[in-house]
Amino acid sequence: MMNTKYLWIFTLGLSMAVSSCSNDDDLGGETEPPTEEDSNLTGNLTEDRELDPLVEYKITGSFIVKDGATLTIPAGTRLVSETGTDKYIAVEQGGDIIIDGTASNPVVMTSANEQGGDWGGLVICGEATTTAGVDAEAEVGGLIYGGTDDNDDSGSINYLIINYAGAIIQAESQYNGLTLYAVGDETQISNVAVLNGEDDGIEFFGGTVNASNIYLENNQDDSVDWTEGWNGSITNTYVVLNRDDFSTAIEADGANGNPTITDFTAISETGGIALQFKKESGATITGLSLQGFDTSFDYVDEGAFSNVQVEGEDSNPALSYVAEATVDVADFSWVQSGLEAKPYVALSGDLTEDMTLDADTRYLLNDVLTVKSGSTLTIPEGTKITAVDGGASIYIAVEKGAMINVNGTEDNPVVMGSLNGNRGDWGGLVVCGEATTTAGVDAEAEVGGLIYGGTTDDDDSGDITNLVIIGAGAQIQTDSQFNGLTLYAVGSETLVENIAIINGDDDGVEFFGGTVSVNNIYLDNNQDDSVDWTEGWNGTVTNTYIVHTNEDFSTAFEADGVNNNPMFVNVTAVSTVGGTALQFKQQSGATITNLYLEGYDTNIDMVDGGALTNVLIDGAAAVVTGDYTTGTKVDISTWTWIDARL
């Protein structure tokens, strides 16, 4: 873009040339540039004024558009504020502001110092209703707002960028980027970007005004804030946050005027709270996508969840509302902020050719991802895959003949899980192989009709190393559920090592036949069984550490079916809530070396009266009354990978 100064000089020269050709009596005349007084914005505007887009205006004090006056700002106009709490633009009740920016030439309001909190932004006062009453006094400059005209018109705003606002007014109050006091619904607001504010991006104090196409980036307090019964709407809003000290993407307070929020995408790189509702405030929300937040809904004053309707249902703080972006950031290419937002990339469908994920990409598992036979999915170290709260419809499956390579490292593991980590949020990872199983060849799994089982005990389904799985175990049907990691007839050439499975609603890991072995597995508060096997699995697990602090778990081990004598070397299971440690059904069994059990009410349970000799512990048959506290605990102090989270 041409420098404003040179553009003005060029235009001035052109104007002089035209003048000299058209007026012979004015040869040698000169057109004066605007005076400093003309380019300074301060004081009261009492009559209509249109700014000149060729002039860079300075906001040197409070600039008030008085009742009956209209301020018009053409496309491309740039307004630069000095630093100070008394530097802002305000439109009184009865005043109008017309901002006529375009996508290629927006109006820009910014500060010379380019720091958050430099100035006070744009304030508009209207005559619509507010719970503050008629002729309420704003916290800004004694401005008056509020009335009885919900169709009040304060003008129009189109393609406006506000930067570095949010100056402190007093100890408990600050300016916002755009502040709307009781603004009525005849006011047109669209294509507004508020960036780097020290307080809120946009705040509504009552009123009925609607806004569309709003971009909010790194506003320190709340990106969108409302109070005093605002009941307008916001459509197509994109929020980006990559600083640690922001408050929320949305904060609502006071009475519930039930505003409508349609297509709202908020992305945080630093966690935090997404939507906060105080007192009995609420809203109706459709098209919600929250990405990267620690908390989706926060009802700070314990307001009713039903005050906020999301996609036609009561809001649920237990859900993450993580979803593919409902707003396209390309809609805001005119903002040109320089910050690269990293929205989730959807991961689902049938993978029919080799694919390698990118550790720098945020993946959203929003449906079933199936690695088809003949294909390989490679997941590099540090990759994070976030599953939507979709229950049994969300999982990753690897077919017979397909491969998965999870290439995490101890310092940089791969993480798969739901954002909130609630039990049963999703279905986990399912791998099908061609090793032997008592279910036979080409058995059908309870998961998605997958086929497993064959005659190749040294079958290779890939490498799975340094992987953390969180919040899996969704229910498939009444009597079946997913596990964190499900291994159907997986063969011995498959490498499974350094696995953490946390907070599952069913088993941590379950083996359906096969010959696969596992090294170093950490199982934390999986509701049913931490390790489960059936259908004649006969691999080996070396170094198992199990933790139970939730009372509703089933067992540390559950074995069922025939005894193909799988082996366990170094097993530690610790419960703070009693329960059963090792349970063997039918004629199942195992050989266990170095067993340490702590805190269980029952250590050995032969539920179907199977022979205790089926279970060999440190070279002897299991003893129902044995306490099994003489083994050496598995040392997990170096298992740094178990602490990784999304």
Side-chain angles (χ1 to χ4, degrees), residues 124 126 128-132 146 149-154 156-158 176-194 200-216 219 222-239 248-267 273-290 293 296-299 303-317 319 321 323-328 331-332:
I124 303 176
T129 53
T130 162
T131 59
D149 184 4
D150 281 344
N151 303 126
D152 187 37
D153 185 356
S154 296
S156 63
I157 299 174
N158 199 27
N176 310 293
L178 175 61
T179 307
L180 301 168
Y181 282 104
V183 175
D185 62 15
E186 286 298 310
T187 308
Q188 305 296 310
I189 299 178
S190 61
N191 299 305
V192 175
V194 184
D200 303 331
I202 180 171
E203 182 164 8
F204 303 85
F205 288 85
T208 55
V209 65
N210 305 310
S212 62
N213 301 334
I214 308 298
Y215 180 88
L216 302 155
N219 294 286
D222 314 304
S223 298
V224 178
D225 193 347
W226 68 82
T227 187
E228 298 183 7
W230 171 62
N231 69 342
S233 66
I234 299 182
T235 304
N236 215 51
T237 305
Y238 199 95
V239 176
T248 64
I250 285 179
E251 179 186 280
D253 195 3
N256 184 8
N258 193 32
T260 301
I261 313 298
T262 304
D263 294 337
F264 187 95
T265 293
I267 299 174
I273 297 171
L275 313 180
Q276 185 178 79
F277 291 84
K278 297 178 177 180
K279 298 179 180 177
E280 288 300 320
S281 57
T284 295
I285 305 175
T286 55
L288 178 63
S289 170
L290 303 178
F293 293 89
S296 58
F297 279 87
D298 178 27
Y299 286 89
F305 296 169
S306 59
N307 287 343
V308 182
Q309 295 292 302
V310 183
E311 315 299 342
E313 298 182 353
D314 292 353
S315 59
N316 184 353
L319 300 178
Y321 294 96
E324 196 171 0
T326 55
V327 178
D328 187 353
D331 292 347
F332 302 99

Trainee: Kindly say whether Thr284 contributes a backbone atom to a donor-acceptor pair with the side chain of Thr260 at under 3.5 angstrom?
Mentor: no

Trainee: Give a yes or no answer on whether the side chain of Asp150 reaches the backbone of Thr129 with a donor-acceptor pair at less than 3.5 Å.
Mentor: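 Here the side-chain-to-backbone pair exists.
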
Trainee: If every non-hydrogen atom of Asp225 is compared with every non-hydrogen atom of Glu251, which pair is closest and at what distance?
Mentor: OD1-O, 2.9 Å

Trainee: Short question: side chain of Ser223, backbone of Leu216 - any donor-acceptor pair under 3.5 Å?
Mentor: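 Side chain of Ser223 to backbone of Leu216, a donor-acceptor pair under 3.5 Å: no, none is there.
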
Trainee: Supply the atom-to-atom distance Thr179 OG1 to Ile124 CD1, rounded to the nearest 0.5 angstrom.
Mentor: 9.0 Å

Trainee: Just do the side chain to side chain contact (heavy atoms under 4.5 Å, CB included) check on Phe264 and Thr286 with the steps written out, would you?
Mentor: CA-CA 8 Å; Phe264 187 95; Thr286 55; over 6 Å; no

Trainee: Within the side chain of Thr208, is there an N or O that forms a donor-acceptor pair under 3.5 Å with the backbone of Gly232?
Mentor: no

Trainee: Which pair of heavy atoms, one from Asp200 and one from Asn219, lies closest together, and at what distance?
Mentor: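 Taking every non-hydrogen atom into account, C-CB, 4.3 Å.
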
Trainee: Measure the spacing between CG of Leu275 and CD1 of Ile285 and express it to the nearest 0.5 Å.
Mentor: 5.5 Å

Trainee: To the nearest 0.5 Å, what is the distance between OG (Ser212) and CD1 (Ile234)?
Mentor: 10.0 Å

Trainee: Indicate whether the side chain of Asn210 and that of Asp185 have a donor and an acceptor atom separated by less than 3.5 Å.
Mentor: no

Trainee: Indicate whether any N or O donor in one side chain lies under 3.5 Å from an N or O acceptor in the other, for Asn256 and Ser281.
Mentor: no

Trainee: Walk me through whether Phe204 and Trp230 qualify under ring pair (Phe, Tyr, Trp, His ring centres under 6.0 Å).
Mentor: CA-CA 6 Å; Phe204 303 85; Trp230 171 62; 3.9 Å; yes

Trainee: Which atom names give the shortest non-hydrogen contact between Val327 and Phe332, and what distance separates them?
Mentor: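 Taking Val327 first and Phe332 second, the nearest heavy atoms are CG1-CE1, 3.9 Å.
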
Trainee: Taking Ile273's backbone N and O only, do any of them form a donor-acceptor pair with Gln276's side chain (distance below 3.5 Å, no angle check)?
Mentor: no

Trainee: Going from CG on Asn258 to CG on Asn231, what distance comes out if it is rounded to the nearest 0.5 angstrom?
Mentor: 8.0 Å

Trainee: Can a donor-acceptor pair be found, under 3.5 Å and without considering hydrogens, that links the side chain of Ser296 to the backbone of Leu319?
Mentor: yes

Trainee: Would you call the rings of Phe277 and Phe297 parallel, tilted or perpendicular, where under 30° means parallel and over 60° means perpendicular?
Mentor: parallel

Trainee: Minimum heavy-atom separation for Leu290 to Ala274, with atom names?
Mentor: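 It is CD1-CB, 3.7 Å.
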
Trainee: Is there a side chain to side chain contact (heavy atoms under 4.5 Å, CB included) between Glu186 and Asp152 once you walk through the steps?
Mentor: CA-CA 6 Å; Glu186 286 298 310; Asp152 187 37; over 6 Å; no

Trainee: What's the spacing between Asn316 CG and Phe305 CZ if we round to 0.5 Å?
Mentor: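 Atom-to-atom, Asn316:CG and Phe305:CZ are 7.0 Å apart.
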
Trainee: Find out whether Trp226 and Pro259 are in side-chain contact, i.e. whether some heavy atom of one side chain is under 4.5 Å from a heavy atom of the other.
Mentor: yes

Trainee: Can you name the nearest heavy-atom pair linking Ala255 to Thr131, along with the distance?
Mentor: CB-CG2, 4.4 Å

Trainee: Does Glu311 CD have over 12 foreign heavy atoms under 6.0 Å away?
Mentor: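 Buried by this count: over 12 neighbours within 6.0 Å.
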
Trainee: Does the side chain of Asn236 come under 3.5 Å of the side chain of Asn213 through a donor N or O and an acceptor N or O?
Mentor: yes

Trainee: Find the distance between OG1 (Thr265) and CD1 (Ile267) and round it off to the nearest 0.5 Å.
Mentor: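 Separation between the atoms: 7.0 Å.
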
Trainee: Any side-chain donor paired with an acceptor under 3.5 Å for Ser315 and Tyr299?
Mentor: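 There is such a pair between these side chains.
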
Trainee: Can you tell me if Thr130 uses its side chain to pair, donor with acceptor, with the backbone of Ala182 under 3.5 Å?
Mentor: no

Trainee: Any sub-3.5 Å donor-acceptor pair from Thr235's side-chain atoms to Thr262's backbone N or O?
Mentor: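 No; zero donor-acceptor contacts below 3.5 Å.
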
Trainee: Taking all non-hydrogen atoms of both residues, which atom of Gly207 and which atom of Ala128 are closest, and how far apart?
Mentor: CA-CB, 3.9 Å

Trainee: Consider only side-chain N and O atoms of Glu203 and Asn176, and report whether a donor and an acceptor are under 3.5 Å apart.
Mentor: yes

Trainee: Output yes when a side-chain donor or acceptor of Asp149 lies under 3.5 Å from a complementary backbone atom of Gly184, and no otherwise.
Mentor: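 No.
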
Trainee: Strictly by modelled atom types, are Ser190 and Asn158 linked by a side-chain donor-acceptor pair under 3.5 Å?
Mentor: yes

Trainee: Ignoring hydrogens and angles, state whether a donor on the side chain of Gln188 or Ser156 is under 3.5 Å from an acceptor on the partner side chain.
Mentor: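 Note: Gln188 and Ser156 side chains miss the donor-acceptor criterion.
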
